[in-house]
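The next block holds one structure in the form of structure tokens; read it before the comments.
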2 protein chains.
Amino acid sequence: MTDMDAYERLIKTFTPRDDLSSDDIALLRSMPLRIATYGKGEEIIAQDSEVSESCLMMTGWTGRAVYLESGKRQITALHIAGDFVDLHGFTLKYMDHSVVALTATQVAFVRHDELKKITHVSPHLTRLFWMLTTIDGAVQRTTIASLGRRPALERLGHLLCELDCRLSVVGLAQDHRYDVPLVQEELADILGLSVVHMNRTIQDLRKAGLVTWQGSRIVIHDFGKLTQFSGFDPRYLNFIKRER
Amino acid sequence: MTDMDAYERLIKTFTPRDDLSSDDIALLRSMPLRIATYGKGEEIIAQDSEVSESCLMMTGWTGRAVYLESGKRQITALHIAGDFVDLHGFTLKYMDHSVVALTATQVAFVRHDELKKITHVSPHLTRLFWMLTTIDGAVQRTTIASLGRRPALERLGHLLCELDCRLSVVGLAQDHRYDVPLVQEELADILGLSVVHMNRTIQDLRKAGLVTWQGSRIVIHDFGKLTQFSGFDPRYLNFIKRER
DNA sequence: GGCCCCTTATAACCTATGTTATTTGTGATC
DNA sequence: GATCACAAATAACATAGGTTATAAGGGGCC
């Protein structure tokens, strides 16, 4: 995954879901991109701001954070290489959340007027970009189900299954082994738990023998078992080729 | 709101967010629609099914339900007149949730090949349909934040604020009064609570003097106060005209 | 090697919410 | 107007998860 340029990255986000024609690819490659880097903890997009470009992840991890009046925050989504963090900004313009770099991060910004151009010249690519936002919605629905109805341990298990799938597709996980460069406080903000309970839940997962988790390194011992335990069904990730 | 035809309904969903040209309107009106009705409790779309049309709400209330292996269910979204329940099905094809009629319901189905046609002839309408799915995503993010970080009472307050806004726009709420034709078990499935605690929370809301709630009738006494109490900020609903 | 800061871990205690069961209310039906 | 069925309400009890505080690891830096 080293040295992949931003266009390759984008193409590889589409191809697990649909085939691209050479015209599609040429069109994608004609879009100007602005590469930017951020340090760990930096805010990439501010909550309540208006946006005119959207950002594709190249390397690193980012999260969408919602800050509540109470001072609490919820991370509503996690993003890794190949994810469009805020493509919804193209049709919404208004950002109801911030985007924060959870690690050092490299991203590629696409201007909205370029995306608009695509809606004028390529219905197919338009539908594919659109699809990325609806897959995002599917992930969010799954998160809602987890937060609303799954106890902490299953919730964590489900997250690990999802990350395994997503990281595998971009080559960042092999044999159900991968790195999660997040501190427990960030995980707590993702799973809607307190830090203390987040810690307890990780211990419980270890005790259950389902994973080895040392530092940022995670090894899932029996993926099928974890999948079953946490009610994970990968279909919502839409990693399947279809005519779109 | 009586006697509104499905095209009017659809147009009124767009116009709070952007202006439609007469061409746009003509094009919308050229789409064939299939009207269907469902009784309370009927399943309109099955979880894990493949779809080739999407459904616009005319009357009644529906919900997106996710059924977990544990037997629990989470309702991830609520839909009223003017909402496209499963427009994301156009780009996803696969339904990660079911759609269930929570009251007697009338809907209008649009075939996906018609929507596809629109992506070929009207970039503007395409972006507007796309926008509906991204607004849906914004609502989902807010739900995630509520489930993850708000206690039951605020969660309920937030939901009532959202419903107030959405129902007002389609003429189903006036002066912060409206009907919620849902039983407490359904509300519990929306807010991620048990039925018993749902009941307690409603009582608490009454005791706090924030609303009157008799049968299905809800009266919000001081909307500003409820808004503040529950951390509600309507901007995520995107009821604002913008060039899209 | 020692110090500092951040993170993880542990402990004790508290509370919001869940569970199971029973009672009360209410609207539909005969 | 009695009965039935379902929803709302209440009660007693159990527990997952929150809170506050402190301790233990671990890596960078002088």
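Values below: all heavy atoms of this structure, side chains included; hydrogens, waters and symmetry mates excluded.
- One interatomic measurement links the two molecules: CZ of Arg149(A) to P of dT17(C), which rounds to 13 Å at whole-angstrom precision.
- As rounded to whole Å, 17 Å separates atom P of dA16(D) from atom CG of Leu191(A).
- Ala138(B) approaches Tyr236(B) most closely through the heavy-atom pair CB-O, 3.6 Å.
- Atoms CD (Gln214(A)) and P (dG25(D)) sit 15 Å apart, rounded to a whole Å.
- Between Arg150(B) atom CZ and dG18(D) atom C1' there is a gap of 18 Å when expressed in whole angstrom units.
- When rounded to the nearest whole Å, the span between CD of Glu186(A) and P of dT7(C) equals 8 Å.
- Tyr38(B) and Phe109(B) have perpendicular rings, their planes meeting at more than 60° on a 0 to 90° scale where under 30° would count as parallel.
- Rounded to the nearest 0.5 Å, atoms CZ (Arg206(A)) and OG1 (Thr212(A)) are 9.0 Å apart.
- Residues Ile218(B) and Leu160(B) are in side-chain contact: their nearest non-hydrogen atoms beyond the backbone lie under 4.5 Å apart.
- Looking only at side-chain heavy atoms (C-beta outward), Leu78(B) and Glu162(B) stay at 4.5 Å or farther from each other.
- The side chain of Gln184(A) contributes an N or O atom lying less than 4.0 Å from OP1 or OP2 of dA9(C).
- Residue Val196(B) is in base contact, counting any heavy-atom pair closer than 4.0 Å across all strands shown.
- Applying salt bridge (charged side-chain N to carboxylate O under 4.0 Å, His left out) to Arg64(A) and the options Asp136(A), Asp96(A), Asp83(A), Asp86(A) leaves one that passes, Asp136(A).
- The residue among Leu153(B) and Lys40(A) whose nearest nucleotide of DNA chain C lies closer to the 5′ end is Lys40(A).
- As rounded to whole Å, 10 Å separates atom C1' of dA16(D) from atom CZ of Arg155(A).
- One can place CD of Glu185(B) at 13 Å from P of dG18(C), the figure rounded to the nearest angstrom.
- For the pair Leu193(A) CG and dA16(C) P, the interatomic distance rounds to 17 Å; values are reported in whole Å.
- Note on Gly192(A): only backbone sugar-phosphate atoms sit closer than 4.0 angstrom, heavy atoms only; bases stay farther off.
- Within the 4.5 Å cutoff, no side-chain heavy atoms of His176(A) are placed close to those of Val211(A).
- Annotation: proximity of residues 197-209 of chain B to DNA chain D (heavy atom, distance under 4.0 Å) is found for Asn199(B), Arg200(B), Gln203(B), Arg206(B), numbered in ascending order.
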